[in-house]
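Proteins get letters first, then strands, A, B, ... in listed order; numbering begins at 1 in each.
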Amino acid sequence: MKNIIPPVKGTRDFYPQQMAIRVWLYNIIRQVSESFGYQEWDAPFLESLELYAAKSNEEMVKEQSYVFEDRGGKLITLRPELTPSLARMVAQKQNVLVFPLRWWSFGPFWRYERPQKGRTREFFQWNVDLLGPDSPEADAENVAVLATFFKTVGLTPKEVLIMVSDRCLLDAQLSAFDIPAESRAAVSAWIDQRDKLSAEAWRAKASELGLSDEQLSQIEAMLADKELWKNSAELIRFFKAIETLGLSDYVRFDAGIVRGFTYYTGTVFEAWEVGGDIRRSILGGGRYDKLLADVGGDRLPAVGYAMGDVVITLMLEKYGLLPKDLKVSPAPVLVTVFDHERLLESYALASELRRTGLSVTCYPEPAKLPKQFKFADRMGIRLVTVVGPDEAAAGKVTLKDLARGKQVTVAREKAAEAIRQALAKVLAS
RNA sequence: GUGGCUGUAGCUCAAUCGGCAGAGCACUUGACUGUGGAUCAAGGUGUUGCGGGUUCAAGCCCCGUCAGCCACCCCA
């Protein structure tokens, strides 16, 4: 690598091999989303900075967003998340859209962070949102989409769990512990950090926040209480609905789930690897009933989540769930060029075959046959045609199946049919 | 923004105490003048990330810098 300009830090190059995986993931996401009746949509990749101001996590806007001034002097942001755009677009057409609204999206996002395992500066996110209803059953349906995704890709509850809590429940508990409303946000953030800090460091921060020893032990008891959800009428309904949907295995209550975004108002959830070494949430989401009003629309209840492609791909790779031998060559047929004089004859044959609906690659220049066969082999092209002087004189085409190592010579009019038959043959392996 | 580790051929890596730049894979060409994978032969494989310093001598030691990876912060 001499004078090659390096890629931008934190970006990924999608060579055909990686692109095939990305498309594979996209297809599963689409299939799962649409099986619940969600519609695909997308927002601009560029938004104005003020869309995110005070709506998202403050650090994300101030330090992790790509912001630049356009030629007109306006501050433009490369979208770091999708939800504010969703709120904006729904608010714009609130009287036109049909509710309940189910929308899903898969596209690129940018955050200026230090790249590391499972994190890049440019990444893709799957967003699934349900707007209109404010019921726990709606939350359950939204969570069901993602549990169904896990099931579809082959991740079991032994490998991944969706941890659920409710900010209202947390707030009520903190209130019951006599923690004043103005410090609850900081206390919530501190609770969110519990898995990341050592027990000593975490407890030490409690006194910094002005918590008494009694309050600390009350909070620790709360976090350990697996039955706390039974104090919440909403969570009782939520888990009942999850059970009815047949997905209880994937969903657990955890009072320690808080989430960083300030716009969440009720149910919050994250998916985590079970006891594994991926110390990072696979996805996160929750209810955000006030966001639409915050961007200037009428109040509209909403619930949704976002899953990044980087961590989920790590998970799938770790558990051997990524597809092997993804097809990277779209055309299963190579038309070889026998010599310089027959180049255009090959083009003509390839064109004939394409008109019958086949995908066909034609070697673009005369070359030795071994070279062309090797090309086909390395590209994963299964069938090769040869038209040399013998075939041309007899009006025939030789067709070799590289996978089976067998070849036949057929009349040129029958070539397309013979190719279809050969492709239909299942390999012994 | 903070800390740690690592930079050698296209890729994965080796090089003893500081003493002449190495292996495998891949690539190109040829054994195969109408047939891929396998085997064999011949070959480019190179500013040792970059800049400076110490030394008779630096891939190796020192300083700086850049890049990558990993952890923290935060998050998907």
Undergrad: Take the angle between the ring planes of A:Tyr305 and A:Trp126 and call it parallel below 30°, perpendicular above 60°, tilted in between.
TA: perpendicular
Undergrad: If the P atom of B:U29 is compared with that of B:C61, how far apart are they to the nearest Å?
TA: 41 Å
Undergrad: Checking side-chain polar atoms at under 3.5 Å, does A:Arg88 have a donor or acceptor matched by the opposite partner on A:Gln92?
TA: yes
Undergrad: Look at all strands and tell whether A:Gln372 reaches a base, only sugar-phosphate, or nothing, counting heavy atoms closer than 4.0 Å.
TA: nothing
Undergrad: Ignoring backbone atoms, test whether A:Lys371 places a side-chain nitrogen or oxygen under 4.0 Å from the OP1 or OP2 oxygen of B:G36.
TA: no
Undergrad: Describe the nucleic acid contact of A:Leu402 in one word from base, sugar-phosphate, nothing, applying a heavy-atom distance below 4.0 Å.
TA: base
Undergrad: The criterion is side chain to side chain contact (heavy atoms under 4.5 Å, CB included); which residues satisfy it with A:Thr152, sequence neighbours excluded?
TA: A:Ile28, A:Gln31, A:Val32, A:Thr148
Undergrad: When the P atoms of B:C11 and B:G46 are considered, how many whole Å apart are they?
TA: 12 Å
Undergrad: Considering only the C1' atoms, how many Å lie between B:G7 and B:G64, rounded to the nearest integer?
TA: 16 Å
Undergrad: Please classify the nucleic acid contact of A:Glu391 as base, sugar-phosphate, or nothing, using heavy-atom distances under 4.0 Å.
TA: base
Undergrad: Mind checking the P distance from B:U48 to B:A9? Whole angstroms is fine.
TA: 10 Å
Undergrad: Under 4.0 Å, heavy atoms only, any strand: does A:Phe109 hit a base, just the sugar-phosphate, or nothing?
TA: nothing
Undergrad: Hey, does A:Lys374 reach any base, or is it just sugar-phosphate, or nothing, if we go heavy atoms under 4.0 Å?
TA: sugar-phosphate
